[in-house]
Amino acid sequence: MIDLGRYATTVLAAYGVSLVLIAGLVWHTVAANARARRALEEYERNG
Amino acid sequence: MTLLVVQDLAVSRGGLRTVEGVGFSLDAGQALILRGPNGLGKTTLLRCIAGLQPPAAGRIVIEEDSLAYAAHADGLKSALTVAENMDFWARVFGGGDVAAALAAMDLQALAHRPAGALSAGQKRRLGLARLLVARRPIWVLDEPTVSLDAASVARFAGVIGDHLAQGGAALIATHIDLGLPQARVQDLTPFRARPGTRSARPSGFNEAFA
Amino acid sequence: MTLLVVQDLAVSRGGLRTVEGVGFSLDAGQALILRGPNGLGKTTLLRCIAGLQPPAAGRIVIEEDSLAYAAHADGLKSALTVAENMDFWARVFGGGDVAAALAAMDLQALAHRPAGALSAGQKRRLGLARLLVARRPIWVLDEPTVSLDAASVARFAGVIGDHLAQGGAALIATHIDLGLPQARVQDLTPFRARPGTRSARPSGFNEAFA
Amino acid sequence: MSIWEYANPTKFMRVTDGALPWLVGAAAICCVVGVVWGFLTPDDFRQGSTVKIVFLHVPAAMMAINIWVMMLVASLIWIIRRHHVSALAAKAAAPIGAVMTLIALATGAIWGQPMWGTWWEWDPRLTSFLILFLFYIGYMALWSAVEDPDSAADLTGVLCLVGSVFALLSRYAVLFWNQGLHQGASLSVQSGERMSHVYRYPLYLAMLGFFLLFLALLLIRTRTEIRRRRLAALQAREMRA
Amino acid sequence: MIALLIRDLRLATRAGGGFGLGVAFFLILSALVPFGVGPDRATLAPVAPGILWVGALLACLLSLDRIFALDHEDGSLDLLATAPLPLEGAVAIKALAHWITTGLPLVLAAPVFGLLLQLPGQAMPWLVLSLALGTPALSMLGAFGAAITVGLRRGGLLLSLLVLPLYIPTLIFGAEITRRGAEGAPIATPLLFLAGITLGVVALIPLAAAAALRVNLR
Amino acid sequence: MIALLIRDLRLATRAGGGFGLGVAFFLILSALVPFGVGPDRATLAPVAPGILWVGALLACLLSLDRIFALDHEDGSLDLLATAPLPLEGAVAIKALAHWITTGLPLVLAAPVFGLLLQLPGQAMPWLVLSLALGTPALSMLGAFGAAITVGLRRGGLLLSLLVLPLYIPTLIFGAEITRRGAEGAPIATPLLFLAGITLGVVALIPLAAAAALRVNLR
Ligand code: HEM
Ligand SMILES: Nc1ncnc2c1ncn2[C@@H]1O[C@H](COP(=O)(O)OP(=O)(O)OP(=O)(O)O)[C@@H](O)[C@H]1O
Ligand SMILES: Nc1ncnc2c1ncn2[C@@H]1O[C@H](COP(=O)(O)OP(=O)(O)OP(=O)(O)O)[C@@H](O)[C@H]1O
Ligand SMILES: [Mg+2]
Ligand SMILES: [Mg+2]
């Protein structure tokens with residue numbers, strides 16, 4: 001692990017927050033896409 | 001069994017009596033149609049019987065919580081679907097089969113449509129379907145068939161007929177023919193509060209110091 | 001003289017066609033009554049002709065500013081008096097004799113009453129009186145006689161008759177009989193946009209990628 | 001073949017179907033490599049290890065602005081040529097832009113704590129970003145509030161146009177407002193040119209990565225919106241039947 | 001009753017239902033004040049508690065008319081009045097729904113806005129606590145004001161006018177708690193008063209509101 | 001056009017029309033802020049220009065939804081759209097009516113509220129001038145927001161959310177004029193900017209608002 005010095009919390013917090021936000025966005029994007037695709041496929045199969 | 005008795009009722013609107021001396025009673029299985037020209041006071045009378053405003057004179061004898069009122073506005077939430085709207089009223093009035101009510105008013109196909117996306121007649125049908133889940137013996141209806149097409153009017157007449165057959169009663173103000181042969185018709189015109197006479201005095205405040 | 005021509009018109013509501021292939025023309029002195037069950041698309045069609053929404057297909061040929069539209073809502077301000085409401089519309093539409101219009105709809109007695117203190121039928125009469133001050137040849141009316149009593153319906157039929165006699169035209173959607181023997185009646189039911197066929201495709205957005 | 005053909009949803013779906021895996025892969029590689037590389041760079045002599053934040057902060061800030069510009073272009077295309085895909089692309093871009101703005105704000109705030117001794121300062125640049133964030137929120141709220149999709153596209157398009165003008169105006173107003181009042185803590189320390197190579201290349205890579213990430217997410221979200229539209233249309237058709 | 005609560009919450013989260021808009025308004029207000037007042041910490045910090053409380057109050061205020069007005073317009077209110085629910089209960093439930101959709105998000109989001117207005121860190125918990133205690137009273141009083149003005153066209157501003165004076169005690173104690181918290185002063189007294197006000201309001205105002213509603217439905 | 005203006009003004013002065021409520025709200029706000037912030041002159045005076053401008057802006061904001069919502073509800077808007085008026089003109093007239101009933105009273109009453117908030121005397125003329133210049137822009141931008149949200153149920157808070165960011169430049173320059181006026185600093189630049197914004201807004205926004213209105217009437 002590299003040494004972040006006295007600003008460790010700052011840097012890690014910044015990376016952590018960004019990561020969480022991006023992960024959230026990606027997850028939301030993928031999940032919504034999968035949901036829409038499934039709904040549409042199911043609909044086209046049934047009707 | 002008598003469900004509703006109205007004796008010598010006078011109602012006022014905007015501080016002025018509209019009709020007075022109205023009396024009738026409604027038994028289980030009966031329907032009474034109130035007629036009268038525009039502006040006579042039918043809406044005022046019905047609101048008074050529904051308990052939304054106090055009578056200016058006379059008595060209304062009715063059991064508590066035995067009445068379902070359908071006014072001109074349907075009480076629909078345009079953001080909720082048809083089924084959600086009905087569900088809500090069913091739960092508020094404690095019971096009632098939503099699916100059956102929707103079927104009775106031919107709304108099943110629209111059950112998942114937001115109420116805001118209905119046509120005028122479809123909204124009205126939904127407003128009337130609410131009566132079926134309210135499970136109240138007395139229906140008080142103010143021009144219920146406004147905007148309905150002929151088929152829907154007939155369907156609704158059937159619904160009222162069923163309600164009467166099950167021991168309900170209906171009090172209806174309308175200008176057009178509902179196709180309810182079993183209903184009595186009462187013309188309210190003779191009960192118009194006469195201006196000039198003492199009886200047409202402004203209601204309340206010691207009869208405006210009469 | 002032909003005032004309005006509609007050719008192969010299709011209208012859509014909520015992204016879906018309601019009626020299509022509608023065509024008719026309206027000459028001076030003619031009235032056309034549109035009929036059809038609830039939810040068919042009459043209101044949508046009339047709004048489209050009034051220029052409030054674009055057609056999904058087809059053509060509407062009409063001179064600009066030649067049309068007065070009366071929708072279900074009457075456009076009344078409840079805080080203004082009957083006369084003030086009328087005055088406003090008369091000035092917006094540039095002209096029209098307010099007193100005569102009020103007289104035609106039997107509203108003189110109510111001229112100084114706030115519009116909010118009218119009964120349902122009186123409001124409607126006021127909404128219709130607006131047509132008389134608009135001075136437009138084509139009247140487009142959506143269920144104009146809702147809430148009106150029999151006498152008022154007859155009176156309004158007379159007003160329409162006069163309008164036609166003076167070279168006007170009227171396009172009316174209604175479920176009930178207006179007592180206008182001179183009017184043609186067109187049932188819109190055959191023009192319902194058929195589902196399943198290509199023509200019932202969702203309007204727009206590349207036909208929902210058909 | 002004209003670019004407008006991609007306004008055909010079927011075509012758009014087909015083309016993006018093929019391109020997406022590559023795009024996602026490239027975005028992932030650039031993002032990960034850029035950010036990790038940035039994370040491993042040596043400390044700055046003045047800002048210590050906090051300089052590593054720049055590899056998230058600057059790309060996010062850059063994208064936050066560019067995404068709004070892209071939305072403006074897409075809205076104009078919709079308003080002028082009425083291509084639905086572009087309206088849906090504008091809709092799909094907004095949440096990405098909002099998140100990017102949020103990242104820039106959050107990393108900036110966290111960075112500000114050691115550098116300026118405060119989480120938040122009404123510095124013109126930060127303020128402009130806050131305003132931008134408000135515009136994103138309003139834009140998305142309007143999309144979700146209007147039921148009819150075409151009306152929603154029209155209304156948000158108009159809002160985007162007017163909003164862009166006012167976002168620019170706000171930027172100047174804010175600069176004016178805070179002129180001379182500010183404590184001078186706005187550390188636009190190193191401009192890109194003066195930034196040493198150690199930082200520059202990973203920064204460029206991270207920027208590229210964020211851009212590709214945006215593209216990938218944008219395509220996926222646009223596809224989602226297209227599918228939703230189709231489903232809604234089909235359901236409406238059945239309901240009418 | 002629960003049906004009513006669920007319906008109101010559902011309506012709030014539907015398209016255009018306004019959930020979260022209270023917070024958004026609060027955010028915008030916190031962002032606007034510095035534009036008006038100027039960006040320095042020295043000017044902002046001392047007024048922050050007051051501004052935050054005034055902001056929360058206004059955010060509440062803006063959504064008040066929705067408590068009854070929409071139901072009145074579409075006739076639901078007439079129907080509710082003839083339904084077998086005590087009107088007092090319906091009023092309380094509607095105020096609760098308003099609090100859940102407006103007050104609660106404000107409480108949760110308050111620290112962020114504190115940051116924007118340079119509120120000192122040690123005041124944050126007190127800000128949150130005072131809002132959590134005070135906002136239910138705001139919703140309930142607002143429901144009362146909404147009940148009084150419901151029949152009137154354009155009740156909007158009249159509503160604000162009626163309700164704002166009622167909000168003053170809550171505002172004073174709430175802001176005082178936060179200010180004392182920022183200075184590290186003792187906060188027991190205003191806290192007690194605030195809690196007392198909220199309790200009293202929640203217990204008694206539904207009666208007054210239901211009475212007002214009945215009059216307006218006539 | 002004039003008929004429309006007269007009608008709107010008449011409606012505003014009728015019972016429940018809301019004339020003067022803007023001022024009343026402004027008064028209450030000016031009265032509330034000292035409760036929240038504390039009464040000392042030293043705390044109040046520096047923030048007074050900002051608070052006054054934010055207050056004026058909120059008073060404007062609260063009455064915005066009335067610009068079109070009522071007309072939409074009762075069908076007048078459909079009728080106006082089919083009337084022989086250009087819709088752009090109708091929008092501008094309605095914004096003007098809003099300004100006359102809300103902005104103008106604020107401008108006239110502002111010195112009183114300045115007193116309440118301990119605004120230094122020499123800033124008064126500048127406060128009035130900046131409000132007189134800025135409030136027309138607020139009304140016009142508000143009309144735009146109202147046009148965008150008119151079809152939507154509960155557009156109220158959404159309207160605020162959309163409009164407030166648009167108000168920021170006006171607010172900044174307006175408050176800056178007053179603040180500089182209080183300090184006796186030169187005010188030419190912000191005055192010019194403010195006038196420019198107002199002119200631009202009044203000239204161009206009616207087009208955007210009319211377009212939005214047409215979409216919402218569909
Ligand atoms: C909280 C909010 C902050 C926001 C919204 C913000 C926003 C921005 C923006 C818009 C840029 C310009 C990006 C570009 O032009 O490509 C930027 C660059 C930068 N910011 Fe921030 N910033 C914030 C806080 C900070 C803090 C606290 C620091 C450090 C002490 C900082 C350091 C930098 C640096 C070093 C750059 C790169 C400058 C350059 O490339 O010219 N920022 N930031
Ligand atoms: N707020 C009011 N102030 C004064 N008079 C009013 C008020 N509201 C209604 N009225 C009058 O009271 C009378 C009765 O109105 P009501 O609505 O009961 O009539 P109605 O019989 O239902 O008529 P319609 O068939 O037209 O619906 C009408 O003449 C009406 O003008
Ligand atoms: N926003 C909407 N989204 C989807 N469908 C809608 C929407 N609004 C209306 N519809 C549907 O469009 C159809 C046409 O409605 P329209 O109001 O034109 O009917 P109408 O013929 O006037 O009926 P009525 O006689 O009941 O007034 C109806 O089936 C209605 O359910
Ligand atoms: Mg009636
Ligand atoms: Mg219709």
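All values below come from the heavy atoms of this structure, side chains included, with hydrogens, waters and symmetry mates left out.
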Open item on the list: How close do D:Val162 and F:Ala208 get, counting heavy atoms only, and between which atoms?
Closed with: CG2-CB, 4.0 Å

- [ ] Locate the shortest heavy-atom distance separating F:Pro169 from D:Ala173; write the atom from each residue and the value.
- [x] CA-CB, 4.0 Å

Open item on the list: At a heavy-atom distance under 4.5 Å, which candidate from D:Val158, D:Val165, D:Leu134 has the highest pair count against chain F?
Closed with: D:Val158

Open item on the list: As an exercise: rank D:Asp148, D:Asp154, D:Ile131, D:Ile137 by heavy-atom pairs under 4.5 Å with chain F and give me the winner.
Closed with: D:Asp154

Working to the nearest 0.5 angstrom, can you tell me the gap between [X] [atom1] and [Y] [atom2]?
X        : Y        : atom1 : atom2 : value
F:Phe173 : D:Leu169 : CZ    : CG    : 7.5 Å
D:Leu159 : F:Ile148 : CG    : CD1   : 4.5 Å
F:Asn216 : D:Leu155 : CG    : CG    : 4.5 Å

TODO: Give me the contact list for residues 120-141 of chain F versus chain D, heavy atoms only, anything under 4.5 Å, ordered by residue number.
DONE: F:Leu141

Part of [X] lying under 4.5 Å from any heavy atom of chain D:
X        : answer
F:Leu204 : neither
F:Leu171 : neither
F:Val163 : neither
F:Ile172 : side chain
F:Ile168 : side chain

TODO: Below 4.5 Å from any heavy atom of chain F, which atoms of D:Leu161 appear? Answer side chain, backbone, both or neither.
DONE: neither

TODO: Count the heavy atoms of every other residue, nucleotide or ligand shown that sit under 6.0 Å from CZ of D:Phe166, and state whether that count exceeds 12.
DONE: yes

- [ ] For the pair F:Leu161 and D:Tyr139, evaluate side chain to side chain contact (heavy atoms under 4.5 Å, CB included) and give the outcome as yes or no after the intermediate values.
- [x] CA-CA 9 Å; F:Leu161 187 59; D:Tyr139 182 85; over 6 Å; no

